[in-house]
2 protein chains.
Amino acid sequence: MEYKFVIIDHAFEIYVGAIALLFTALGIWLALKLSKPKLQTVVIEKEVYVQKPDPGFVPDEIQLTKMGISKREWEVLTLMSQGLSNQEIANQLFVSLNTVKTHGSNLFLKLDVKRRTQAIEKAKRMGMIG
Amino acid sequence: MEYKFVIIDHAFEIYVGAIALLFTALGIWLALKLSKPKLQTVVIEKEVYVQKPDPGFVPDEIQLTKMGISKREWEVLTLMSQGLSNQEIANQLFVSLNTVKTHGSNLFLKLDVKRRTQAIEKAKRMGMIG
DNA sequence: TTATCCCTCATACTTTTGGGTGATTTTACC
DNA sequence: GGTAAAATCACCCAAAAGTATGAGGGATAA
């Protein structure tokens, strides 16, 4: 019963309210649709551990010569010690994977080791690589 | 002169239009003000220099804890760095080859590396192993 | 010129390493 | 006593590493 009176009495206000709501919604939709998305940049600092380059490292030529390790083999050894795979070393040196493997095998023979990890360990101890 | 009539004749429509405009504007303002900004993450790599103590070496517990590396994983890592194969590590620790592999995999995940040689290189730089 | 390295690359094969999944058992802590 | 992390192990599969062998070309020295 009372609703009727309310509606009748305030028909105009209700109408205006409806319009207001409708167009507020339209405005929101417009803004969302047309405005460039706001970008908030979140800066995340990722710690990267870098070896402070040893200023005066020189490979022990004596040892290299004594073990009969060639320049190319030394390069392969160095890249191995940096954690590169044979394929990555091949790409780096612009040679084939097989070539790197060959250098590797010769290296292991000369260093008298069985694996690259051993080669790295030994070469470091002997001052061949930094 | 004519404006007057226009205004009078269409007073209601103009009023509604004004309301519409006003609330459209309100909607736009609301959306712009309240919409969540899109997040854009920018990762900045921050270089942290670490020194490598040679003589009396103690593993950097801070780093180990930060990377969530367990005692057993550290042992495996250490033996890896000494050039042992997984099988040799298994013998040394009196566990199965599979166990060593599992520790290895977890290690690589935690250190965010792909190969044992990388793990060794990184762990050394971070002072986890000597 | 021949001999000898070094570097290159290939093929074929074996071993090692690594990834993924899932499960059981210990250990440690609340 | 529950629960969470650590440690253990297995199985399967794929990729990488390593071995063996041969071979061609370039530089260099006897």
Side-chain angles (χ1 to χ4, degrees), chain A residues 59-126 128-129, chain B residues 59-126 128-129:
Chain A
D60 191 336
E61 302 286 351
I62 311 293
Q63 295 287 1
L64 289 172
T65 305
K66 197 191 299 180
M67 305 296 279
I69 291 173
S70 72
K71 181 167 169 287
R72 209 52 161 168
E73 285 163 354
W74 177 82
E75 290 180 314
V76 169
L77 178 59
T78 301
L79 294 175
M80 278 182 175
S81 78
Q82 286 164 14
L84 301 204
S85 68
N86 285 339
Q87 186 58 65
E88 288 167 343
I89 294 172
N91 298 148
Q92 189 103 18
L93 299 181
F94 300 105
V95 296
S96 81
L97 172 60
N98 285 317
T99 299
V100 175
K101 284 184 172 186
T102 301
H103 286 317
S105 289
N106 294 333
L107 216 32
F108 301 156
L109 276 180
K110 292 175 180 176
L111 286 175
D112 189 32
V113 296
K114 289 185 169 47
R115 284 174 288 281
R116 56 171 52 211
T117 45
Q118 283 183 349
I120 293 165
E121 201 270 339
K122 189 160 188 174
K124 285 204 175 185
R125 272 211 326 267
M126 296 176 70
M128 293 173 176
I129 56 180
Chain B
D60 189 336
E61 301 287 352
I62 310 293
Q63 294 290 359
L64 289 172
T65 305
K66 196 192 294 181
M67 307 295 280
I69 292 172
S70 73
K71 180 166 168 286
R72 209 52 162 168
E73 285 163 354
W74 177 83
E75 290 178 315
V76 169
L77 178 59
T78 300
L79 294 175
M80 277 182 176
S81 78
Q82 287 164 15
L84 302 205
S85 69
N86 286 339
Q87 185 58 66
E88 289 167 342
I89 295 173
N91 298 148
Q92 188 102 19
L93 299 181
F94 301 103
V95 297
S96 80
L97 173 60
N98 284 318
T99 300
V100 176
K101 284 184 173 187
T102 301
H103 286 317
S105 289
N106 294 332
L107 217 30
F108 301 157
L109 275 180
K110 291 176 180 177
L111 285 175
D112 190 30
V113 297
K114 289 186 169 41
R115 284 175 286 284
R116 59 176 44 219
T117 46
Q118 284 184 351
I120 293 166
E121 201 268 342
K122 188 163 189 174
K124 284 204 175 185
R125 266 194 288 112
M126 295 175 68
M128 293 172 174
I129 56 180

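Treat the numbers as computed from the prediction; the structure is a model and nothing was measured. Chain letters run A, B, ... following the sequence lines, proteins first and then strands; every chain starts at 1.
As rounded to whole Å, 18 Å separates atom C1' of dT17(C) from atom NZ of Lys114(A). When the C1' atom of dT8(C) is taken as reference, atom CG of Asn106(A) falls 12 Å away, rounded to whole Å. The interatomic distance linking Leu109(A) (CG) with dA20(D) (P) rounds to 8 Å, in whole Å. In this entry the distance linking CD of Gln87(B) with P of dG18(C) reads 14 Å, nearest Å. A straight line from CG of Asn86(A) to P of dA17(D) spans 4 Å, rounded to a whole angstrom. Separating the NZ atom of Lys101(A) from the P atom of dA20(D) is a distance of 14 Å, rounded to the nearest angstrom. Rounded to whole Å, the distance from CD1 on Ile89(B) to C1' on dA7(D) is 16 Å. The CG-P distance, from Leu79(A) to dA16(D), rounds to 17 Å in whole Å.
Looking at every heavy atom in both residues, Glu73(B) comes nearest to Ile69(B) through OE1-CA, 3.5 Å.
At the phosphate of dC9(C), OP1 or OP2 sits under 4.0 Å from a side-chain N or O atom of Thr99(A). Taking only side-chain nitrogens and oxygens, His103(B) never comes nearer than 4.0 Å to OP1 or OP2 of dA7(D). At least one side-chain nitrogen or oxygen of Ser70(A) sits closer than 4.0 Å to the OP1 or OP2 atom of dC7(C). Arg116(B) has a side-chain polar atom (N or O) that falls below the 4.0 Å cut-off from OP1 or OP2 of dG18(C).
Counting non-hydrogen atoms under 4.0 angstrom, Ser96(A) reaches the backbone sugars and phosphates but no base.
Between the side chain of Lys122(B) and the backbone N or O of Leu111(B) there is at least one donor-acceptor pair closer than 3.5 Å. Trp74(B) places a side-chain N or O within 3.5 Å of a backbone atom of Met128(B) that can act as its donor or acceptor partner. Side chain of Lys110(A) to backbone of Gly68(A): a donor-acceptor contact under 3.5 angstrom is found.
Side-chain contact between Leu107(A) and Val113(A) is absent, with no heavy-atom pair separated by less than 4.5 Å.
Where the helix from dT1(C)-dA30(D) to dC30(C)-dG1(D) starts and where it ends, the local axes point in directions that differ by 50°; five pairs per end, rounded to 10°.
Nearer to the 5' terminus of DNA chain D, by closest-nucleotide assignment, is the contact made by Arg72(B) (compared with the other of Arg72(B) and Thr117(B)). Both Ser85(A) and Asn98(B) lie close to DNA chain D; mapped to their nearest nucleotides by heavy-atom distance, the more 5′-ward contact belongs to Asn98(B).
Looking at the side chain of Lys110(A), the nearest of the listed nucleotides dC9(D), dT8(C), dC6(C) is dC6(C). Of the listed nucleotides (dG18(D), dT8(C), dC9(D)), dG18(D) has the atom at the smallest distance from the side chain of Ser105(A).
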Scan nucleotides 24-30 of chain C against the protein and return all N/O pairs shorter than 3.5 Å with their distances rounded to 0.1 Å.
none

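Within a 6.0 Å sphere centred on CD of Gln92(A), heavy atoms belonging to other residues, nucleotides or ligands number 12 at most.
Using modelled atom types and a 3.5 Å distance limit, the side chains of Thr99(A) and Ser96(A) yield a donor-acceptor pair. With hydrogens and angles left out, the side-chain atoms of Thr78(B) and Ser81(B) include no donor and acceptor closer than 3.5 Å.
A salt bridge is defined here as a Lys NZ or Arg NE, NH1 or NH2 lying under 4.0 Å from an Asp or Glu carboxylate O, and Glu121(B) with Arg115(B) fails to meet this definition.
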(request) Could you walk me through whether Ile120(B) and Ile120(A) pass side chain to side chain contact (heavy atoms under 4.5 Å, CB included), step by step? (result) CA-CA 10 Å; Ile120(B) 293 166; Ile120(A) 293 165; 5.9 Å; no

